[in-house]
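Reading through the structure tokens given below for one structure.
Sequence positions, counted from 1, serve as the residue numbers for this chain. Below, all heavy atoms of this structure are taken into account, side chains as well, without hydrogens, waters or symmetry copies.
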Amino acid sequence: MDFTMTLYLRHYWKDERLAFPSHTNQSRTFDSRLVKKIWVPDVFFVHSKRSFIHDTTMENIMLRVYPDGNILYSVRVTVTALCSMDFSSFPLDTQNCSLELESYAYNENDLMLYWKNGNDSLRTDEIVLSQFFIENFQPSSGLAFYSSTGWYNRLFINFILRRHIFFFMLQTYFPTMLMVVLSWVSFWIDRRAVPARVSLGITTVLTMSTIITGVSSSMPQVSYVKAVDIYLWTSFLFVFLSVIEYAAVNYCTTLEEMRKMKRGKLPSTFNASLAMAFDGCFHDNDIELTPFPQMAPTLTSEPLTTPTQSQDIRPSEGTRLRRQRSVRDNVNLLVNNSYMIDSYSRLAFPLSYLLFNTIYWCLYS
């Protein structure tokens, strides 16, 4: 990746050959025409892809010569340079880039480069970026070695950029959260309302696909997974699972009704669309129940006993009084009571998504 920067590059050096007598000790200012006739440092930008000096309306070059031979050479230049950016935490990322300056022909024995005022050599008060916040802007210096020509002085402009998240919250995260929450509405819709639940599920899936496509087209094209990819695809998985959940509910409901019809609990002319209940259960008048026979009252004051109660049967030591349900029994329970799947999903899906968001924002923030 690369970045583009426009800056005023000012060089200071002393050339006694350009000293001149002056009674007022005032400097003289020249334009770019004199620059071609004197010696100036041949500074270039390392790792530069493209750079140019502004020339509207004239070349933005200024040369100021002082009576004692000190020279100020200022030029307005725009540079596009390389920066090794890591987008694994995009858009919650922080980038560390640098702009490097070096003499092209003169090594350290011929030319020394250093910052005139140290850390105060850079002015960044007026810099405002739309997508980044400048956390640190610091100059430094060092040496660069080339096997064929030797050591060269190099100046660095190091800056740390932190990306603004508010734009991505409005364009990516909030719409994604709303689509996931909207997919949960189907858990409160009756399980026999097939058109309503299928339409809601397909709509949320297609909307999530559109969001993912739009975000991917505007993001840097890299070969590794980014933080926003994890969030989008995990949210898409939640939406997709809500559709699969209703497919399981509908299948279990069909099995449940078929079993009840075989057992004779439902009349042969039963219409499921007429027995829709928002609690997921059949109405009482739709199920044929046989009343229990009434028992004749007894006048004896002694408690009623049965032959089994007359015997003193006590569980022996180590006897299990309650048998735990197996996995198969639990599955059969859900199949026979398909409305319980929706009841569990109303709690499981929000808690799982809340846990995912907690881990995601704690990890990348």
- With a 4.5 Å limit on heavy-atom distance, are the side chains of Tyr231 and Asn357 in contact? yes
Correct closest heavy-atom pair for Ala227 and Tyr360 would be O-OH, 3.0 Å
Can you check side-chain contact (heavy atoms from CB on, under 4.5 Å) on Leu101 and Leu9, steps first, answer last?
CA-CA 10 Å; Leu101 297 88; Leu9 185 61; 3.5 Å; yes
d(Asn153 CG, Leu113 CG) to nearest 0.5 Å is 5.5 Å
One should read off an interatomic distance between Met85 CE and Asn96 CG, to the nearest 0.5 angstrom, of 10.5 Å
Show, in sequence, the C-alpha distance, side-chain angles and deciding distance for Thr234 and Tyr353, and conclude whether the side chain to side chain donor-acceptor pair (under 3.5 Å) test is met. CA-CA 9 Å; Thr234 304; Tyr353 195 66; over 6 Å; no
Val239 and Trp188: same hydrophobic cluster, using ILVMFWY side-chain contacts below 4.5 Å? yes
**Prompt:** For atom CZ of Phe145, is the number of surrounding heavy atoms from other residues, nucleotides or ligands below 6.0 Å larger than 12?
**Reply:** yes
Count the heavy atoms of every other residue, nucleotide or ligand shown that sit under 6.0 Å from CE of Met169, and state whether that count exceeds 12.
yes
Taking the side chain from Trp115 and the backbone from Ser140, do they hold a donor-acceptor pair closer than 3.5 Å?
yes
Closest non-hydrogen contact found for Tyr364 with Ser89 is CD2-OG, 3.9 Å
For the side chain of Arg346 and the backbone of Phe187, is there at least one donor-acceptor N/O pair under 3.5 Å apart?
-> yes
| query | Shared ILVMFWY cluster between Leu18 and Met62, side chains joined below 4.5 angstrom? | reply | no
Applying side chain to side chain donor-acceptor pair (under 3.5 Å) to Glu59 and not counting sequence neighbours gives Ser32
Residues passing the side-chain contact (heavy atoms from CB on, under 4.5 Å) test with Arg28, sequence neighbours excluded, are Phe20, Phe30
Check: Can you check whether Glu100's main-chain N or O pairs, donor with acceptor, with Arg154's side chain at less than 3.5 Å?
Finding: no
Between the CD1 atom in Ile189 and the CG atom in Asp342, the distance rounded to the nearest 0.5 Å is 10.0 Å
When rounded to the nearest 0.5 Å, the distance separating CG of Leu155 from OG of Ser98 is 12.0 Å
**Asked** Is the number of heavy atoms from other residues, nucleotides or ligands within 6.0 Å of CZ (Phe166) greater than 12?
**Response** no
Point to revise | Side-chain donor/acceptor of Asn25 to backbone N/O of His23, under 3.5 Å | key: no
*asked:* Could you check whether any side-chain N or O of Arg197 sits under 3.5 Å from a backbone N or O of Ser186, counting only pairs where one atom can act as donor and the other as acceptor?
replied: yes
Does Trp39, at its CH2 atom, have more than 12 non-hydrogen atoms belonging to other residues, nucleotides or ligands within less than 6.0 Å?
yes
Closest non-hydrogen atoms of Asp190 and Arg192, given as atom of the first, atom of the second and distance, are OD2-N, 3.0 Å
* **Test side-chain contact (heavy atoms from CB on, under 4.5 Å) applied to Thr176 and Met208, step by step** => CA-CA 7 Å; Thr176 302; Met208 280 299 304; 3.7 Å; yes
In short, Ala105 meets Asp42 closest at the heavy-atom pair N-OD2, 2.8 Å
Checklist entry - Where do Arg10 and Ser74 land on the side-chain contact (heavy atoms from CB on, under 4.5 Å) test, with the steps shown first? => result CA-CA 4 Å; Arg10 296 186 174 96; Ser74 178; 3.6 Å; yes
Practice task
Could you tell me how the ring of Phe236 sits relative to the ring of Phe240: parallel (under 30°), tilted (30 to 60°) or perpendicular (over 60°)?
Solution key: parallel
Open item on the list: What I'd like to find out is whether the side chain of Val77 reaches to under 4.5 Å of the side chain of Leu7, using heavy atoms alone.
Closed with: yes
Taking the side chain as every heavy atom from C-beta outward, state whether Thr172 and Val228 have any atom pair closer than 4.5 Å. yes
Kindly say whether the aromatic ring centers of Phe87 and Tyr224 come within a distance under 6.0 Å.
no
Sub-4.5 Å side-chain heavy-atom contact between Met219 and Asp229:
yes
- Query: Any side-chain heavy atom of Phe167 sitting closer than 4.5 Å to one from Ser130?
  - Reply: no
In terms of relative ring orientation, are Trp13 and His11 parallel, tilted or perpendicular, with 30° and 60° separating the classes?
perpendicular
dist Asn107:CG -> Thr149:OG1 (nearest 0.5 Å) comes out at 7.5 Å
For a 4.5 angstrom cut-off between non-hydrogen side-chain atoms, does Val75 reach Val35?
no
Exercise. Determine, stepwise, if the pair Leu63 / Leu72 fulfils side-chain contact (heavy atoms from CB on, under 4.5 Å).
Key: CA-CA 6 Å; Leu63 183 70; Leu72 166 61; over 6 Å; no
Discussion item. I'd like to know if the side chain of Thr204 reaches the main chain of Gly201, judged simply by a donor and an acceptor atom lying under 3.5 Å from each other, with no hydrogens or angles considered.
Written reply: yes
When you group the ILVMFWY residues by side-chain heavy-atom contacts below 4.5 Å and let the links chain together, are Leu111 and Val46 in the same group? no
Between Ser22 and Pro67, the two heavy atoms sitting closest are CB-CG, 3.8 Å
- Item | Side-chain touch Tyr246/Ile341, heavy atoms, less than 4.5 angstrom | no
Exactly one of Thr4, Asp2, Thr80 clears side-chain hydrogen bond (donor to acceptor under 3.5 Å, both in side chains) with Lys49, and that residue is Asp2
dist Ile38:CD1 -> Leu34:CG (nearest 0.5 Å) comes out at 5.0 Å
Check: Can you tell me if CZ on Phe44 sees more than 12 non-hydrogen neighbours from other groups inside 6.0 Å?
Finding: yes
*Could you label the plane-to-plane angle of the Tyr146 and Tyr152 rings as parallel, tilted or perpendicular, counting under 30° as parallel and over 60° as perpendicular?*
perpendicular
* To do: Determine whether Leu178 and Leu232 fall in the same hydrophobic cluster, where Ile, Leu, Val, Met, Phe, Trp and Tyr are linked whenever their side-chain heavy atoms lie under 4.5 Å apart.
  => no
Classify the angle between the aromatic ring planes of Phe3 and Phe159 as parallel (below 30°), tilted (30 to 60°) or perpendicular (above 60°).
perpendicular
**Asked** Does Leu92 belong to the same Ile/Leu/Val/Met/Phe/Trp/Tyr cluster as Leu170, with side-chain heavy atoms less than 4.5 Å apart forming each link?
**Response** yes
*Please find out if less than 6.0 Å separates the ring center of His47 from that of Phe45.*
no
*asked:* So Pro91 and Ile165, do their side chains get closer than 4.5 Å, heavy atoms only?
replied: yes
In short, Phe349 meets Ser242 closest at the heavy-atom pair CE2-N, 3.8 Å
